[in-house]
Amino acid sequence: MDRRDFMHKSAFTLGGFAFLSSINNSFASALEKHVNRLETMGLEAGASDEDFWGYIRECYTVSSNIIDLNNAGVSPQPKVVQDTLMRYYQYSNEAPSYYMWRILDAGREALRAKLADLAGVSSDELAINRNATEGLGTIIYGLELKPGDEVVLGKYDYPYMMQAWKQREKRDGIKLNWVDVSEAADDDAALVDLYRKAISPKTRIVQITHLINWSGNIVPVRAIADMAHSKGCEVIVDAAQSFAQLDFKIEDTGADYLGAALHKWLCAPFGSGLMYVKKEKIKNLWPLLSSAEPQSADIRKFENLGTRSIASEMAIGAAVDFHNVIGAQRKEARLRYLKNYWVEKIKDLPGHTLYTSLKPANSCALAVIGFEGWKASEIEACLFEKNKVHVTSITYEKISGIRVSPNVYTSTKDLDVLIKGLRNVSQLPPPSGK
Ligand SMILES: Cc1ncc(COP(=O)(O)O)c(C=O)c1O
């Protein structure tokens with residue numbers, strides 16, 4: 001870490017502690033003590049330090065009866081975020097139009113700056129909204145395209161984004177060219193090639209899902225974006241799964257447009273997201289809902305979302321502080337460690353298929369596993385019934401298995417229960433008798 005990085009990191013951490021102590025002083029000082037100890041360790045040692053992560057678990061209010069391993073679906077908030085949210089919510093209820101719109105909303109620009117700092121972009125390029133679907137939908141429907149223009153997207157992109165593009169295809173006569181990323185697995189050069197081959201002289205837009213929800217695989221987003229730019233295309237990045245799971249800045253992806261969810265890996269309130277548009281592209285992107293000046297270059301034109309919970313929006317700040325105090329690099333290392341922990345221990349199980357790459361650059365927290373003869377939903381049901389482990393099943397294209405996604409509050413003990421459950425599945429006859 002050079003001096004500039006160190007100063008920046010310290011400012012982040014100190015700022016985070018200052019904010020967190022304003023919410024709960026004793027909590028903030030205990031957290032600081034633990035973080036200071038972690039900072040004396042290397043990344044690898046820190047990732048497996050159960051004392052530290054055990055303390056982080058105590059910062060959450062997760063069930064002691066159910067092991068939730070579907071954080072890629074939606075994640076719980078640490079208590080400090082819930083407390084902030086509840087405080088703002090109760091405050092709002094004293095006189096909503098006054099406290100919510102005049103008092104709480106006055107924090108919007110400070111929150112935008114805090115999120116922009118986390119994302120490594122200018123505040124003028126970031127809109128706060130309700131989820132990745134809203135951000136990416138605004139981008140997809142807002143781009144000026146004419147009949148015959150082409151868009152390259154992935155078969156393994158998220159359904160809502162694929163559906164939005166299909167609607168534009170029907171309505172506006174654009175043409176979609178699909179990339180099947182499963183053909184290249186985790187071969188980065190081959191992945192770039194697949195996108196390259198799908199681009200024609202008529203291609204205007206390339207959409208890339210940074211971390212694929214179906215498989216857990218990470219794609220070489222920057223290399224694909226650079227190649228697409230060299231062919232004159234603009235790039236949309238779906239960062240719903242990667243934002244705050246992986247340690248990166250938006251600039252690193254090469255995105256012209258990006259959407260992210262904040263209720264997944266940032267552990268911000270349910271129904272929070274962000275949208276990034278490169279400064280010079282804002283003017284030409286139409287707002288989805290309403291704006292007095294739809295062709296303005298002000299990113300705020302995308303925030304006319306009507307009445308929503310300003311308490312939820314403003315509590316995002318506490319989630320950013322909590323995330324910064326742990327540190328993005330530490331968090332990514334822990335999440336990868338947790339995935340490797342269980343995956344290493346099931347290697348010998350008969351009849352299993354792992355759908356996720358084990359190359360460090362190509363996966364992090366998520367992994368998908370299936371068993372011969374078992375429907376994904378049967379594995380999911382068995383794990384819950386016998387072990388109270390909650391996961392989600394994925395049956396899509398070539399994938400048939402359960403997706404496991406731990407978060408920072410997950411302990412290796414939780415994963416031992418998962419391993420026991422998977423071992424049990426491997427020994428049982430498949431329920432549908434195949
Ligand atoms: C890759 C990807 N994109 C988009 C979304 C949609 O996110 P949200 O529910 O925040 O709209 C998800 C949700 O799981 C996702 O995994």
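Both ligands and their constituent atoms are indexed starting at 1 by order of listing. All values derive from a computational prediction rather than experimental measurement.
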Mind checking whether Ala240 contacts ligand 1 via backbone (N, CA, C, O), side chain (CB onward), both or neither, at a 4.0 Å heavy-atom cut-off? side chain
For ligand 1, which part of Thr133 has a heavy atom less than 4.0 Å away: the side chain, the backbone, both, or neither?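 The answer is both.
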[atom] - nearest protein heavy atom and its distance:
atom: atom 7 (O) of ligand 1; answer: Ala132 CB, 3.5 Å
atom: atom 1 (C) of ligand 1; answer: Asp238 OD2, 3.5 Å
atom: atom 15 (C) of ligand 1; answer: Tyr158 CD1, 3.3 Å
atom: atom 14 (O) of ligand 1; answer: Lys264 NZ, 2.7 Å

Do Gln207 and Asp157 get their side chains close enough for a donor-acceptor pair, meaning under 3.5 Å?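 Yes.
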Which ligand 1 atoms, with their elements, are less than 4.0 angstrom from a heavy-atom of Asn213?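 Selected atoms, number and element: 1 (C), 16 (O).
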Ligand-residue contact atoms, ligand 1 with Ala261, heavy atoms, under 4.0 Å: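 That gives atoms 10 (O) of ligand 1.
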Option with minimal heavy-atom separation from atom 16 (O) of ligand 1, where the choices are His210, Glu134, Gln241: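 Answer by nearest heavy atom: Gln241.
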Does Lys114 pair with Asp321 as a salt bridge, N-O distance under 4.0 Å?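 The answer is yes: the pair qualifies as a salt bridge.
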Quick one: do Arg222 and Asp226 make a salt bridge, cutoff under 4.0 Å? yes
Looking at ligand 1, is there an atom of it that comes within less than 4.0 Å of some heavy atom belonging to His263?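 Right, His263 reaches ligand 1.
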Decide whether an N or O pair under 3.5 Å exists between Thr209 and ligand 1.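 No: no nitrogen or oxygen of Thr209 is under 3.5 Å from one in ligand 1.
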Which heavy atom of Ser215 sits nearest a heavy atom of Thr356, and at what distance?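 Taking Ser215 first and Thr356 second, the nearest heavy atoms are O-OG1, 2.7 Å.
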Has Lys301 got a side-chain atom pairing as donor or acceptor with Leu285's backbone, closer than 3.5 angstrom?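 A pair under 3.5 Å: yes.
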From the list Arg403, Lys375, Glu380, side chain to side chain donor-acceptor pair (under 3.5 Å) with Ser393 holds only for Glu380
Does the separation of the ring centres of Tyr156 and Tyr396 fall below 6.0 angstrom? yes
Looking at the rings of Phe248 and His210, which for Trp means the six-membered one, are their centres under 6.0 Å apart?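 Between Phe248 and His210, the centre distance is under 6.0 Å.
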